[in-house]
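Notes to accompany the following structure.
Remember, it's 1-based here, ligands and their atoms both numbered in the order they're listed.
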Amino acid sequence: MEILLQKVDKALAKTGIPLGNYVLNPYKGCLVGCDYCYVQYNKGIQKTKKEWGEFVFVKEKFVELLEKELMSIKDIDRVLIGSTTEVFQILEDKFNLIISSIRLLKKYNVPFVLLTKQPFVADYIQDIDYSNRNLIYITVNSEIIRKLFEKRSFPMEERIEAINKLFKNKLNVIAYIGPFFPELTDINEIFEILQGKVSKVYIEAYHPKMGNFSLIKRKLEDRQDILDILMDKHRYVSYWEKKKMEIEEINKLYNYELKFFITQYDSYY
Ligand code: SF4
């Protein structure tokens, strides 16, 4: 694992992502190292020529820059934290960039949306509970996905505990099942475990253009049934037509507020 420092001249970047009009990423790269991560093919990451999941750049003077920008930029509506990295890197303890950034957002009363698959966010309830526009997405999945495709993420059990803690404390938390892999993600099990612990569940379908598909293919070489669904447009589309209805039917038992994110196959292949 390589930890490197990077000089930057700004902390916030404008974005067209609907969740917020600015993004904040204090790290570049990610030590969680998910095979399905789309960020590994970003230009800036490709230029490093480093193995995905084995390096992270820590942005120097990030918090100082952020404070200056929060004082001077007047059109910030909401900030998306972690659009291209896991914000709770395992070295966050050492650098404290995320929690210091959140404390600044609180100071300037700027709401945020945070995306994470680590449970640490639940340790900072007193810092994050300042706006009803704050929104926290925590990724969950079947444990097999973590074991197969995520190098350094925390067990699902711990993420679910974090979701529950935020939910009990009345924070806006969403259990984000992503990416959902056909025949591997067990929706019955996840719905059952989440019962009473959250009210919103969003589901994102895995698509073969997400991340390093040749590596994923190798890891699934004994699961031709899954590869057949992923690699054939018609099977993929009909799988999701049926699966969506099936999930909605199962959800009648649980009543989660559900949303699906299923990318059009043609927009990739
Ligand atoms: S944790 Fe998020 S940013 Fe990091 S590798 Fe996984 S998907 Fe990518």
*Using a 4.0 Å heavy-atom cut-off, say whether K117 meets ligand 1 through its side chain, its backbone, both or neither.*
side chain
_Between Y27 and F62, is the ring centroid distance below 6.0 Å?_
no
*Can the ring centres of F191 and Y256 be said to be less than 6.0 Å apart?*
yes
*Just wondering, do Y38 and H207 contact through their side chains at under 4.5 Å, heavy atoms?*
no
*Should L166 and I136 count as side-chain neighbours, where that means a heavy-atom distance under 4.5 Å?*
yes
*Salt bridge between R146 and E143, side-chain N to carboxylate O under 4.0 Å?*
yes
_Main chain of I144, side chain of S142: is a donor-acceptor contact present, judged purely on distance under 3.5 Å?_
no
*Show all protein N/O/S atoms under 2.8 Å from atom 8 (Fe) of ligand 1, or state that there are none.*
C37 SG
